[in-house]
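Note that the numbering runs from 1 along the sequence shown for the chain.
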Amino acid sequence: MSILPSVRARSNAGQDRGRQAKRRRVALKHIEPLVGSLKIDPVIAAPSKGLEIQATSKRRAGISSDVRRGIVRATMLLANGKTFREAALILEKECRTIAAWQNRYPELWQAYYQAALQEVRETVRQLAGRTEMFADLDAYVLAARHVQQLAEQTGEPLFDHGDALTLTGFYRDHYKGLRTATLRTAQWDESVLRRWAILTGDPPLEQIATETLCRFRDALLKLRGMSAVKRMSPNTVRTVLNRIQTFLDKAGPAGWRNRDAVGLIDKVPWVKLPPKVRRTPKTVSDETLNEFYLGCVAAEWPRSDYFKPPAWWRALIVTAYNTGMRRNTLFSLRMKWIDWQARCIVVPAEVTKTQTEQVIPLNQAAVDHLRAIRTDREFVFEYPTKTRRDRRDVRGFHVYFHRLQDACAIPAEQHFTLHQLRKTCATNLWEYNPQAAQYAMGHTSLGTTAAHYVRGHGMLARAVEQMPQPSAFAGKAGAA
């Protein structure tokens, strides 16, 4: 009888324990509790006497001090916005152990959790808008977002200023009636105001000063961005501050350039924006597109009875490359919008970002690939989702898109998105006709296309090679 299986099992078990220890060390390094009174101290985090549940049942009476201490620490971590997995890593427990505490002692768990939640809520109210929150800004924001979500669910305001009108209240009661915004703009405004409330405490309008805006700007610059290792981009901070400034301007006095202002405050505060960062637009090379086009044979999604998945992906890439349409426009594209005789796509104004009708011509390559997936369905690039507008579905599309690029042997640093295909289209059109590139992108300004969508390195290199040279330059370099 061989002993290799048992040895392999012990080896795998040791490797698993090593991985768990490494993950625990990483979690303890990057996941810190909130500053001040929110430290995970069982004595500080203990609930008040009024919330203490008396041990009436036999199961409650037999609880040990270690379990009680673990429940106190776990509920405090969860009240600070940590997940079950993060709490388990910090406490050096398993997730099922913490879940067993919650299921076995529900009354005690709820009492400690509510007490910890109340303590976190009070501490967030005390630190909001003050310099003390910068001591551990990421932990503060994590806890504040958690209690803010709970407050929105219960309808109880996180920051209560009585009858005083705050910026959030002004947006809800006045600004929405002044402007008609799209659903996407309204969602962005709501997210901006949530950040404002968390980082400033949503003070009344008359108490908002330049110092308040400066502290809000500095906090945004120190927040985490899309990546856990990067801070928020200065360009994103500029966009957030511009929206806040717009709300304040509408609450200020009316003027010839601000005629629909309400006039609730006499002087509007102002803050200097961080400098804009201009990065070189990223385009997709022909080699990368060739590798993806040939590697699409590995695609198994989306499935259809009329065409194979590789044909769907090739039609999507070819159409995005040759038309430069936005992602939302591509996924909203209807079959009835394609004029096969005139070889163009007529996109209604209601679908475009700029609310302008677009007539997009199609070349032969785009027409051939669209004909390959032509059926009597409604959407051209439909994919199986429950709600088409759901962000989670779009995220799922991008996850599969990058997995397919991995299957095509494209290096991770060369992975591309649909928006980068749009920039590639703009760059190629710009070399032949800048106005054509502007029209294809749907921009009202030629400068927007040039600054954010055109990669001029290749065009500049080709132009430099064609520059006329004086006859003396044609001699031997460095000759005496």
Side-chain angles (χ1 to χ4, degrees), residues 225-227 230-240 242 273-294 314 316-330 344-345 347 352-354 356 358-366 369 398 401-402 405 408 410-471 473-474 477:
M226 298 296 293
S227 175
K230 294 183 180 180
R231 297 301 172 184
M232 186 177 292
S233 169
N235 296 340
T236 305
V237 175
R238 287 175 60 92
T239 306
V240 173
N242 277 326
L273 303 179
K276 181 180 293 187
V277 178
R278 294 290 182 88
R279 296 183 175 88
T280 304
K282 183 179 179 181
T283 57
V284 189
S285 64
D286 293 344
E287 293 77 9
T288 302
L289 289 175
N290 291 334
E291 292 178 1
F292 183 83
Y293 188 92
L294 298 176
R314 287 168 177 168
L316 176 66
I317 297 303
V318 172
T319 304
Y321 175 83
N322 288 284
T323 63
M325 285 191 291
R326 295 181 176 89
R327 182 195 64 191
N328 291 339
T329 306
L330 282 170
C344 66
I345 301 176
V347 183
T352 61
K353 180 180 179 181
T354 57
T356 304
Q358 278 188 289
V359 180
I360 304 174
L362 298 174
N363 55 20
Q364 190 61 44
H369 284 81
H398 284 291
F401 190 19
H402 287 286
Q405 294 182 57
C408 297
I410 298 177
E413 62 274 7
Q414 297 181 11
H415 279 201
F416 61 94
T417 62
L418 294 179
H419 194 63
Q420 291 168 3
L421 286 177
R422 174 175 165 84
K423 295 181 180 180
T424 306
C425 176
T427 301
N428 294 336
L429 291 176
W430 185 275
E431 189 168 3
Y432 295 99
N433 192 331
Q435 285 74 21
Q438 175 193 355
Y439 183 81
M441 297 299 103
H443 296 155
T444 58
S445 172
L446 195 65
T448 302
T449 309
H452 303 287
Y453 287 82
V454 176
R455 183 182 179 91
H457 294 71
M459 291 183 289
L460 179 60
R462 288 187 289 271
V464 169
E465 289 294 335
Q466 297 176 5
M467 286 180 61
Q469 301 294 316
S471 59
F473 291 0

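Residues Ala426 and Ala437 approach most closely at O-CB, 3.7 Å, considering heavy atoms. What you find for Leu429 and Ala436 is that their closest heavy atoms are CD1-O, 4.2 Å. Thr288 and Ser285 get closest at one heavy-atom pair: OG1-OG, 2.9 Å. The shortest non-hydrogen separation linking Ala320 to Leu418 is CB-CD2, 4.4 Å. The minimum heavy-atom distance between Ile317 and Phe416, with the atom names listed, is CD1-CE1, 4.2 Å. The shortest non-hydrogen separation linking Val284 to Thr424 is N-OG1, 2.9 Å.
Using a 4.5 Å heavy-atom cutoff, the side chains of Pro434 and Leu446 are in contact. Contact of the Leu362 side chain with the Thr323 side chain is registered, since non-hydrogen atoms from C-beta on lie closer than 4.5 Å. Counting heavy atoms from C-beta outward, Leu460 and His457 have side chains that stay 4.5 Å or more apart. With contacts defined as side-chain heavy-atom distances shorter than 4.5 Å, the pair Tyr453/Pro281 does not qualify. Side chains of Lys282 and Lys423 form no contact here, defined as non-hydrogen atoms less than 4.5 Å apart. Between Met325 and Ile345 the shortest side-chain heavy-atom distance falls below 4.5 Å. With contacts defined as side-chain heavy-atom distances shorter than 4.5 Å, the pair Asn235/Arg279 qualifies. Under the 4.5 Å side-chain criterion, counting only non-hydrogen atoms from C-beta, Arg462 is in contact with Glu431.
The distance from atom CD of Gln358 to atom SG of Cys344, rounded to the nearest 0.5 Å, is 12.0 Å. With values rounded to the nearest 0.5 angstrom, Ile410 atom CD1 is found 10.5 Å from His402 atom NE2. Once rounded to the nearest 0.5 Å, the distance linking CD of Gln414 with SG of Cys408 reads 12.5 Å. The CD atom of Gln405 sits 8.5 Å away from the OG1 atom of Thr417 when rounded to the nearest 0.5 Å.
Under a cut-off of 6.0 angstrom, the local environment of CD in Gln364 is crowded, with over 12 non-hydrogen atoms contributed by other residues, nucleotides or ligands. The 12-atom threshold is not exceeded at NZ of Lys353, counting heavy atoms of other residues, nucleotides or ligands nearer than 6.0 Å.
Without hydrogens or angle criteria, His419 side chain to Arg327 main chain gives no donor-acceptor distance under 3.5 Å. A donor-acceptor pair under 3.5 Å is absent between the side-chain atoms of Arg455 and the main chain of Thr280, judged by distance alone. Panel note: side chain Arg238, backbone Pro274; a donor-acceptor pair is recorded below 3.5 Å. The backbone N or O of Thr449 sits nowhere less than 3.5 Å from a side-chain atom of Gln438 that would complete a donor-acceptor pair.
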>> One pair to check against ring-ring contact (aromatic ring centres under 6.0 Å, His included): Tyr321 and His369. What are the steps and the verdict?
In response: CA-CA 12 Å; Tyr321 175 83; His369 284 81; over 10 Å; no
> Between Thr283 and Asn428, does a side-chain contact (heavy atoms from CB on, under 4.5 Å) hold up when you go through it step by step?
Replying inline: CA-CA 10 Å; Thr283 57; Asn428 294 336; over 6 Å; no
>> side-chain contact (heavy atoms from CB on, under 4.5 Å), that's the test. Do Met441 and Thr448 meet it? Break it down for me.
In response: CA-CA 10 Å; Met441 297 299 103; Thr448 302; over 6 Å; no
